[in-house]
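For this chain, numbers begin at 1 and follow the sequence in order.
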Amino acid sequence: MTRPAHEVVKLARKQDRLTALDFFELLFEGFEELHGDRLYADDQAIVGGVALLDKKPVTVIGIQKGRNLPENLKRNFGQAHPEGYRKALRLMKQAEKFHRPVITFINTAGAYCGVGAEERGEGEAIARNLLEMADLKVPIIAIIIGEGGSGGALALALGDQVWMLENSIYAILSPEGFASILWKDGSRAQEAAELMKITAKELQQLKIIDKVIPENYVDNQLDVADLLQRLRVELVYTLKQLSQLSIDELLMHRYARFRKF
């Protein structure tokens, strides 16, 4: 069943969706969280650390939303500050040093656009991640698990492969923002969503993403165990394929993937 885009937007934003930390605990073994950017602070909107996948070490990084108001206040509603992106980059460079693949889990409406974040270099932090990820000498798989909004999502999404859960979205801005800019009327967000090509199936057709992870079978939602098993199999297989490439081949394919846009 193909859902209208505005319905997918609602599903992507549901508070009961699996969070990045849920995936870390349920999909991997022995997750050990690491903290801080070694420059300013430990941004709670971005989480990450080291875990095992198929008994092999990987670095996992995610943007974390909360399931209720206290959690969202702690996680800043999944909107990262520059120190969050710098923490993510620190973990990626550590992964490169120890030859660990990187897997990112993305769910954000966008980077935090407050005055303090701008003063501390939000744009530079995002740009630095893109620059460094382009040349990171280990495999990178990026997965959109809810909202993938603007540069705040892209800062963790420059991967060898980019996947999306079936009921997730990936866009330069929200449908509300699109409608406000195009029509000066944010209430036309549903109409905007249908125009923007932001759903997983649409983006796969446009070859912006590489794979859609099903969340439904026929008309029924897959249970969490089935979803995790499908994702685990895909990750193990794809990382095995990517690990067979030389570093030069890996970087050349990554460059070509994004250069085609």
Side-chain angles (χ1 to χ4, degrees), residues 1-3 8 11-12 17-31 47-64 88 91-92 95 99-108 133 136 138-148 153-154 156-170 198-245 249-251 253-254 256-258 260:
M1 180 181 69
T2 301
R3 288 187 171 89
V8 178
L11 291 171
R17 288 186 71 82
L18 291 173
T19 68
L21 284 174
D22 290 332
F23 280 104
F24 294 172
E25 295 293 343
L26 298 173
L27 190 61
F28 304 96
E29 297 177 356
F31 170 65
V47 293
V50 181
L52 296 176
L53 176 66
D54 194 32
K55 300 182 180 180
K56 297 180 177 64
V58 295
T59 290
V60 292
I61 304 166
I63 303 177
Q64 179 72 12
L91 297 182
M92 286 187 275
H99 310 291
R100 293 192 298 260
V102 173
I103 306 170
T104 65
F105 296 81
I106 299 159
N107 185 13
T108 182
M133 290 180 80
L136 203 70
V138 292
I140 307 170
I141 297 177
I143 310 170
I144 313 296
I145 60 173
E147 286 187 277
L154 189 60
L156 294 184
L158 202 155
D160 300 295
Q161 291 207 11
V162 181
W163 302 351
M164 292 177 69
L165 296 190
E166 182 180 356
N167 297 324
S168 61
I169 58 174
Y170 191 23
I198 59 176
T199 67
K201 290 181 180 178
E202 290 171 323
L203 291 170
Q204 187 181 41
Q205 289 171 357
L206 292 170
K207 298 183 179 179
I208 303 296
I209 68 162
D210 304 285
K211 192 183 297 292
V212 178
I213 305 300
E215 293 187 68
N216 299 278
Y217 180 72
V218 190
D219 292 334
N220 298 316
Q221 185 175 356
L222 289 172
D223 63 32
V224 171
D226 287 338
L227 172 62
L228 292 171
Q229 180 59 23
R230 287 172 182 241
L231 184 54
R232 185 181 293 108
V233 169
E234 294 286 358
L235 284 170
V236 170
Y237 174 79
T238 303
L239 287 176
K240 189 174 294 184
Q241 298 299 113
L242 291 173
S243 67
Q244 293 175 2
L245 300 174
E249 289 174 323
L250 186 73
L251 298 183
H253 291 166
R254 190 183 303 159
R257 185 194 186 283
F258 286 92
K260 70 184 179 183

J.: How would you list, by chain and number, every residue that makes a side chain to side chain donor-acceptor pair (under 3.5 Å) with K56, sequence neighbours excluded?
T.: none

J.: At what distance, to the nearest 0.5 angstrom, does CD1 of I106 lie from CE of M164?
T.: 10.0 Å

J.: Taking the side chain from Q161 and the backbone from K211, do they hold a donor-acceptor pair closer than 3.5 Å?
T.: no

J.: Could you check whether any side-chain heavy atom of D22 comes within less than 4.5 Å of a side-chain heavy atom of R17, counting everything from C-beta outward?
T.: no

J.: State, to 0.1 Å, how close T59 and A95 come at their nearest heavy-atom pair, and which atoms those are.
T.: OG1-CB, 3.3 Å

J.: If you take all heavy atoms of S168 and I144, which pair is closest and at what distance?
T.: OG-O, 3.5 Å

J.: Quick one: are V8 and I169 in side-chain contact, heavy atoms under 4.5 Å?
T.: yes

J.: What are the two closest non-hydrogen atoms of L53 and L27, and how far apart are they?
T.: CD1-O, 4.3 Å

J.: Determine the interplanar angle of the F31 and F24 rings, folded into 0 to 90°, and report it as parallel if under 30°, tilted if 30 to 60°, perpendicular if over 60°.
T.: tilted

J.: Decide yes or no for I61 and M92: does some side-chain heavy atom of the first lie under 4.5 Å from some side-chain heavy atom of the second?
T.: yes

J.: Please report the interatomic distance OG1(T199) to CG(L11), rounded to the nearest 0.5 Å.
T.: 11.5 Å

J.: Under 3.5 Å, is there a donor-acceptor pair between the side chain of T104 and the main chain of L156?
T.: yes

J.: Do the side chains of L154 and Y170 get nearer than 4.5 Å, heavy atoms only?
T.: yes

J.: Less than 4.5 Å apart, side chain to side chain, heavy atoms only: is that true for V102 and M133?
T.: no

J.: Rounded to the nearest 0.5 Å, how far apart are CD1 of I145 and CG of L18?
T.: 7.5 Å

J.: Should the heavy atoms of other residues, nucleotides or ligands under 6.0 Å from OH of Y237 be counted, would the total exceed 12?
T.: no

J.: Test side-chain contact (heavy atoms from CB on, under 4.5 Å) on H253 and L242 and set out the steps.
T.: CA-CA 10 Å; H253 291 166; L242 291 173; over 6 Å; no

J.: Determine whether a donor-acceptor pair (N or O, by modelled atom type, separation under 3.5 Å) exists between the side chain of N167 and the backbone of A12.
T.: no

J.: For I198, does its backbone N or O pair with a side-chain atom of E202 as donor and acceptor, under 3.5 Å?
T.: yes

J.: Any side-chain heavy-atom pair from F23 and V60 closer than 4.5 angstrom?
T.: no

J.: Do W163 and D210 have side chains that get closer than 4.5 Å, going by heavy atoms?
T.: yes

J.: Heavy atoms, side chains only, cut-off 4.5 Å: are I143 and L235 in contact?
T.: yes

J.: Working to the nearest 0.5 angstrom, can you tell me the gap between R232 CZ and D54 CG?
T.: 9.5 Å

J.: I209 and R257: which non-hydrogen atoms are nearest, and at how many Å?
T.: CA-NH2, 3.7 Å

J.: With side-chain contact (heavy atoms from CB on, under 4.5 Å) as the test, would you mind laying out the steps for L227 and I213 before giving the verdict?
T.: CA-CA 8 Å; L227 172 62; I213 305 300; 3.8 Å; yes

J.: Quick one: side chain to side chain contact (heavy atoms under 4.5 Å, CB included) partners of E29, sequence neighbours excluded?
T.: L52

J.: I need the R3 CZ to K201 NZ distance, nearest 0.5 Å.
T.: 8.5 Å

J.: Could you give the distance from CG (D223) to CD (Q229), rounded to the nearest 0.5 Å?
T.: 11.0 Å

J.: Which pair of heavy atoms, one from N107 and one from I63, lies closest together, and at what distance?
T.: O-CG2, 3.4 Å

J.: Quick check: closest heavy atoms across A157 and V162, and the distance to 0.1 Å?
T.: O-CG2, 3.4 Å

J.: Check this for me: K260, atom NZ, are more than 12 non-hydrogen atoms of other residues, nucleotides or ligands nearer than 6.0 Å?
T.: yes

